[in-house]
Colleague: 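Provided herewith is a single structure, encoded as structure tokens, for subsequent inquiry.
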2 protein chains.
Amino acid sequence: MNEYITNILKEYDLKVTPQRMCIVEELMKHGHLTIEELFEKISNKFPSLSLATVYKNINAMMEKNFIKEVKIPNRKSKYELIKEEHAHIICEKCGRVEDINIDKKDIVKEIEDKTSYKIEHTALIFSGLCPECAKESEAA
Amino acid sequence: MNEYITNILKEYDLKVTPQRMCIVEELMKHGHLTIEELFEKISNKFPSLSLATVYKNINAMMEKNFIKEVKIPNRKSKYELIKEEHAHIICEKCGRVEDINIDKKDIVKEIEDKTSYKIEHTALIFSGLCPECAKESEAA
DNA sequence: CTGACTGCAAACGTTTTGCACGGTA
DNA sequence: TACCGTGCAAAACGTTTGCAGTCAG
């Protein structure tokens, strides 16, 4: 596992440090985290960690196109490892974020035809109630 | 025109002030503006305008569900008057933002089935090169 | 006339920066 | 060893707040 993360960091031309390993590990484990959440989680294992270090590393990793920011309506941004482009679904109540893969080529085609833009990227967020929060609402 | 804006503000329970009229007018004229852009544009007509006033009004208008924030990848947020929910297309080069209406019910249905979420809102951003910027790139 | 809005300045939270030290390659 | 990353503290930045004066209703 450690070796795995080490290799990923090297692939992206990022020097391997314990702090960076932790950041990647947490992102792999949780998928999407805010700066704050990252800082808190890593501080546990690593009490000397500085917030500035988290920021510097997040920025470094974004420059290398290794992670990216997910801007979420009404909430703080989260960060995720970059993989194939996908949409997100957010629970408006509990704030959990999940990846979803959808087939967007028809819509992209439709928009390209309609607007004459050449579409390169998408940032698609769907939001509502997750099944758990929906259950709670019913109960109440 | 002034009377028109006056009435809209009243509908949303917002007291009518010259500063607010300007904000609405600029948003109607340009569609999407950052806080900075709003401040600069209005300052021209209205040199005494305070940035704090812009912020306070933007927040007041968001509370009344009269305008909303559009979070854009790699750029500052813009604000727009609320109308029927729609997607946005952004030029990654010049930053222009345009509204697009797409039929999303199939996709929403697909995601609801797949995830068991009840989807309430969407924030869909497509990005790429606008026709003008595409032309420039070719020329170069 | 009353409460809400404005402008200013101060406060606040978040993010960035500079620097001395320590660790990676 | 040379350079990059870290941690700390200070600075910068965007946004919010408090207050006194003004304006809309």
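Quick note on labels: first sequence line is chain A, next is B, and so on, each numbered from 1.
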Colleague: To the nearest Å, how far apart are B:Lys64 NZ and C:dC5 P?
Modeller: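 Nearest whole value for this atom pair: 8 Å.
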Colleague: May I have all residue pairs that pass ring pair (Phe, Tyr, Trp, His ring centres under 6.0 Å) and include part of residues 109-136 of chain B, sequence neighbours excluded?
Modeller: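 Qualifying pairs, neighbours excluded: none.
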Colleague: Using the rule that two of Ile, Leu, Val, Met, Phe, Trp, Tyr join whenever any of their side-chain heavy atoms come within less than 4.5 Å, decide whether A:Ile89 and A:Leu129 are in one cluster.
Modeller: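 Hydrophobic grouping puts A:Ile89 apart from A:Leu129.
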Colleague: Counting primed atoms plus P, OP1 and OP2 as sugar-phosphate and everything else as base, spell out the protein contacts along nucleotides 1-10 of chain D at 4.0 Å heavy-atom distance: B, S or - for each nucleotide, 5' to 3'.
Modeller: --BSSBBBB-
Colleague: Would you please name every residue forming a salt bridge (Lys or Arg N to Asp or Glu O under 4.0 Å) with A:Asp113, sequence neighbours left out?
Modeller: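 Testing A:Asp113 for salt bridge (Lys or Arg N to Asp or Glu O under 4.0 Å), a comparison that skips the adjacent residues, returns A:Lys109.
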Colleague: Using the salt bridge (Lys or Arg N to Asp or Glu O under 4.0 Å) criterion, which residues pair with B:Glu40? Sequence neighbours excluded.
Modeller: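 B:Glu40: no salt bridge (Lys or Arg N to Asp or Glu O under 4.0 Å) contacts found.
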Colleague: Any salt bridge (Lys or Arg N to Asp or Glu O under 4.0 Å) involving residues 71-89 of chain A? Give me the pairs, sequence neighbours left out, ordered by first then second residue.
Modeller: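 Every pair satisfying salt bridge (Lys or Arg N to Asp or Glu O under 4.0 Å) with a residue in residues 71-89 of chain A: A:Glu36-A:Lys76, A:Glu37-A:Lys78, A:Lys83-A:Asp99, A:Glu85-A:Lys104.
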Colleague: In residues 65-74 of chain A, which residues come under 4.0 Å of DNA chain D by heavy atom?
Modeller: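 Listed by number, there are none.
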Colleague: Using the salt bridge (Lys or Arg N to Asp or Glu O under 4.0 Å) criterion, which residues pair with A:Lys56? Sequence neighbours excluded.
Modeller: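 So A:Lys56 forms no salt bridge (Lys or Arg N to Asp or Glu O under 4.0 Å) with any residue.
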Colleague: Would you mind listing every ring pair (Phe, Tyr, Trp, His ring centres under 6.0 Å) that reaches into residues 13-54 of chain A, with sequence neighbours excluded?
Modeller: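 Matches after skipping sequence neighbours: A:His32-A:His88.
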Colleague: Looking at residues at least two apart in the chain, or sitting in another chain, which of them share a salt bridge (Lys or Arg N to Asp or Glu O under 4.0 Å) with A:Lys64?
Modeller: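 Salt bridge (Lys or Arg N to Asp or Glu O under 4.0 Å) check on A:Lys64 returns nothing, list empty.
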Colleague: Using whole Å, what does the distance between atom P of nucleotide C:dT14 and atom CD1 of A:Ile58 come to?
Modeller: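 Taking atom P of C:dT14 as the reference, CD1 of A:Ile58 is at 16 Å.
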Colleague: Measure from CG on A:Asn59 to C1' on C:dT17 and round the result to the nearest Å.
Modeller: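 Whole-Å distance recorded here is 12 Å.
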